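Small disclaimer: the values here were computed from a predicted structure and weren't measured.
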Amino acid sequence: MLINFNSKYAESFVSDDELNAMAPVAVKALETLTDGTGEGSDHRGWIDLPVDYDKKEFDEIKKSAEYIKQNADVLIVIGIGGSYLGARAVIEACKSSNYNLLTKDTPQIYFIGNSISPAALNDVLALCEGKDIAVNVISKSGTTTEPAIAFRFFRELIYSRYPKEEAAKRVFCTTDKHKGTLKALAEKEGYKTFVVPDDIGGRYSVLTAVGLLPIAVAGIDIDKLMKGAADARTAFNEKDINKNDVIKYAAIRNILYNKGKKVECFISYEPSMAMFNEWLKQLFGESEGKDGKGLFPTSCVFSTDLHSLGQFIQESGSTIMFETALTFRSSLSDITIKEDADNADGLNFLAGKQMSWVNDTARKGTLLAHTEGGVPNLIVEAERADEYNIGYIIYFFEKVCAVSGYILDVNPFNQPGVESYKKNMFALLGKPGYEGEKERLENLLGL
């Protein structure tokens, strides 16, 4: 297995007896997922996706990505939640959090439609001035408020810049295969379409066209990405908790939850993994946070956040949290610290050392400090943040999340709570069909 799951630094918090007692529950959860006997079983399409994907569509994704590379300086990706988090996470992990500043041979990629901020929208519109653009709008229905508003503005921008026939070639819609507002508009205008599968929810969709088109536009090898996921699919089927890190990790995090650790903090030591942490937060938050249950997922990038949240984690974290660190054995790039003749900063003791070594040493020091402070630590270690390994890691966490949800006895594939804010927002906005609620909500707000 390419991932090494290390639970050594949680052993003083989780006994062998507790793990042995949880093992049959975890194995049963794996069987429930595999057999499709649990709630939400109609949304398990991601399980076999790495080997059972639409090869024709996959080729079309690569062709469209090449078209965008050749004809656009900027790709605007419009979507919210799983419709943008996964793609952005992979691009920044494999390339850089400064991708848009560093890219030379591939388009800049800006993500919008993930908020209703007019300032954010105006910023991206300004960044498109004087540049050829293409748009990838991602929405199963086409009516989700945040991306729909953004798409309205960018459709107008594209049609103001290009003749109608040319404009249509610059819009790519990832949506429902058969129905919906966006699908109907795409057919009417002649936009290229890709499919949001019915059996894969948004937070599990990064390896579908939802994520693959913008990822491919960034120059990332999506064949290697899928290969990594395919190998992970093969690797994590054992029903022995000592041979399958998926069920071992899922079991330990549930044991910690049952012992009062209600917060899981995902840790990375590379700023380029910050958006991957955001993807993990959605994956676990939406999958487990229901029926009054679930770990609260949060994240930190160290050593940066050691100078902001480190105090809390060290001295108060023991009451509520544990950490899961995603680390890499080798860095995508490195730099050597040189000797300074004056040693003005007192750092000559590091002369000749690589920064990756210093970073890893800081990780080890943090690990020991937090563990000694009463915060259990779990480590998920991979070789490096390249396409193959990121694909492998994505599948690993997806499977952990699904198994863990079944251990928790929730449906890991629905998100009923997400609709609550939408209903209130629609009523307050005056959307037809919500008139009866508008007055009540305004009274509650004191309007």
Going by atom types only, do Thr324 and Glu264 share a side-chain donor-acceptor pair under 3.5 Å?
yes
In this structure, which one of Thr208, Leu213, Leu212 forms a side-chain contact (heavy atoms from CB on, under 4.5 Å) with Val210?
Thr208
Lys56 NZ: over 12 foreign heavy atoms closer than 6.0 Å
no
Report yes if the side chains of Asp231 and Tyr392 come closer than 4.5 Å at any heavy-atom pair, otherwise no.
yes
Is it the case that atom CD1 in Ile335 sees more than 12 heavy atoms from other parts of the structure closer than 6.0 Å?
no
Using modelled atom types and a 3.5 Å cut-off, is there a donor and acceptor pairing between side-chain atoms of Asp334 and backbone atoms of Ser356?
yes
Say you draw a straight line from CD1 of Ile78 to OH of Tyr110; how long is it, rounded to the nearest 0.5 Å?
15.0 Å
In this structure, are over 12 heavy atoms from other groups packed under 6.0 Å from Asp240 atom CG?
yes
Between Asp73 (side chain) and Asp132 (backbone), is there a donor-acceptor pair under 3.5 Å?
yes
For residues Leu49 and Ile200, determine if any side-chain heavy atom of one lies less than 4.5 Å from a side-chain heavy atom of the other.
yes
Do side-chain atoms of Thr34 reach the backbone of Glu31 as a donor and acceptor pair under 3.5 angstrom?
no
Between Ser64 (side chain only) and Glu60 (backbone N and O only), is there a donor and an acceptor less than 3.5 Å apart?
yes
So, applying side-chain hydrogen bond (donor to acceptor under 3.5 Å, both in side chains) with Arg363, which one of Thr366, Asp360, Thr361 is it?
Asp360
Could you give the distance from CG (Asp345) to CG (Asp340), rounded to the nearest 0.5 Å?
6.0 Å
For a 4.5 angstrom cut-off between non-hydrogen side-chain atoms, does Val263 reach Leu295?
no
Once you round to the nearest 0.5 Å, how far does CD of Gln108 lie from CD1 of Ile133?
12.5 Å
Short side-chain donor-acceptor distance under 3.5 Å, Thr174 and Asn136:
yes
Measure across Pro107 and Val74 and return the closest heavy-atom pair with its distance rounded to 0.1 Å.
CB-N, 4.1 Å
Should we count CZ of Arg152 as having more than 12 external heavy atoms under 6.0 Å?
no
Could you tell me whether Glu66 and Lys63 make a salt bridge, using a distance below 4.0 angstrom between a side-chain N and a carboxylate O?
no
Taking salt bridge (Lys or Arg N to Asp or Glu O under 4.0 Å) as the cut-off, I'd like each qualifying pair that reaches into residues 201-223, sequence neighbours left out, listed once.
Lys62-Asp223, Arg203-Glu286
Does Lys399 count as lying over the ring of Phe396, i.e. NZ or CZ under 6.0 Å from the six-ring centre, within 45 degrees of the axis?
no
Using 30° and 60° as the class boundaries, would you call the ring planes of Trp46 and Tyr204 parallel, tilted or perpendicular?
parallel
Would you sort out whether Ile91 and Phe111 count as a side-chain contact (heavy atoms from CB on, under 4.5 Å), showing the intermediate values?
CA-CA 12 Å; Ile91 291 169; Phe111 294 87; 4.0 Å; yes
Determine whether the side chains of Asn414 and Lys290 contain a donor N or O and an acceptor N or O closer than 3.5 Å.
yes
Classify the angle between the aromatic ring planes of Tyr249 and Phe397 as parallel (below 30°), tilted (30 to 60°) or perpendicular (above 60°).
perpendicular
Looking at Ala250, is its backbone amide N or carbonyl O close enough to the side chain of Arg253 to form a donor-acceptor pair, meaning the two atoms are under 3.5 Å apart?
no
To the nearest 0.5 Å, what is the distance between SG on Cys173 and CG on Leu182?
4.0 Å
Between Glu398 and Val206, which heavy-atom pair has the shortest distance, and what is it?
OE2-CG1, 4.1 Å
Just checking, is any N or O donor in the side chain of Ser15 or Glu18 under 3.5 Å from an acceptor N or O on the other one?
yes
Given side-chain contact (heavy atoms from CB on, under 4.5 Å), test Ile393 with Phe328 step by step and report yes or no.
CA-CA 11 Å; Ile393 292 165; Phe328 299 97; 3.8 Å; yes
Keeping Ser7 on the side-chain end and Ala10 on the backbone end, is there a donor-acceptor pair under 3.5 Å?
no
Quick check: does any side chain N or O of Asn389 sit under 3.5 Å from a backbone N or O of Ala385, one acting as donor and the other as acceptor?
no
Nearest heavy-atom contact between Gly405 and Pro412 is CA-CB, 4.2 Å
Quick one: does NZ or CZ of Lys262 land under 6.0 Å from the six-membered ring centre of Tyr257, within 45 degrees of the ring axis?
yes
In sequence, state the C-alpha distance, the side-chain angles, and the governing distance for Asp48 and Arg233, and then conclude on salt bridge (Lys or Arg N to Asp or Glu O under 4.0 Å).
CA-CA 7 Å; Asp48 293 324; Arg233 171 184 170 273; 3.0 Å; yes
Pair Glu288, Ser404 - check side chain to side chain donor-acceptor pair (under 3.5 Å), show working.
CA-CA 8 Å; Glu288 294 187 316; Ser404 186; 2.7 Å; yes
Nearest non-hydrogen partners of Ser139 and Thr175, listed with the distance
O-OG1, 2.7 Å
For the ring pair Phe284 and Phe266, is the centre-to-centre distance below 6.0 Å?
yes
So how far is it from Cys401 SG to Gln282 CD, rounded to the nearest 0.5 Å?
10.0 Å
Does the pair Glu11/Lys8 count as a salt bridge with the N-to-O cut at 4.0 Å?
no
Indicate the atoms forming the closest heavy-atom contact of Asn254 with Met22, along with that distance.
CB-CE, 4.1 Å
For the pair Lys140 and Asp176, find out whether any cationic side-chain nitrogen is under 4.0 Å from an anionic carboxylate oxygen.
yes
What do you reckon, is CE of Met425 surrounded by more than 12 foreign heavy atoms closer than 6.0 Å?
yes
Side chain to side chain, Asp54 and Val195, heavy atoms closer than 4.5 Å:
no
Identify the heavy atoms of Ile313 and Cys300 that sit nearest to each other, and give their distance.
CD1-SG, 4.2 Å
I'd like to know whether NZ of Lys28 has more than 12 heavy-atom contacts from other residues, nucleotides or ligands below 6.0 angstrom.
no
Rounded to the nearest 0.5 Å, what's the gap from CD on Glu372 to CG on Leu367? Could you check?
9.5 Å
Residues, nucleotides or ligands: over 12 heavy atoms within 6.0 Å of Lys224 NZ
no
Taking the side chain as every heavy atom from C-beta outward, state whether Arg88 and Trp279 have any pair of such atoms under 4.5 Å apart.
no
Side chains of Glu323 and Asn377 only: does a donor on one sit below 3.5 Å from an acceptor on the other?
yes
Beyond-backbone contact of Met275 with Glu92, side-chain heavy atoms, under 4.5 angstrom
yes
Would the number of heavy atoms belonging to other residues, nucleotides or ligands and lying under 6.0 Å from NZ of Lys293 be above 12?
yes
Which is it for Asp291 and Leu408 under the side-chain contact (heavy atoms from CB on, under 4.5 Å) test, yes or no, and what are the steps along the way?
CA-CA 10 Å; Asp291 302 336; Leu408 196 60; over 6 Å; no
Is there a side-chain contact between Leu19 and Asp17 (heavy atoms, below 4.5 Å)?
no
Are any of the side-chain heavy atoms of Ile112 and Phe153 separated by less than 4.5 Å?
no
Run the ring-centre check on Tyr395 versus Phe236 and record whether the distance is less than 6.0 Å.
no
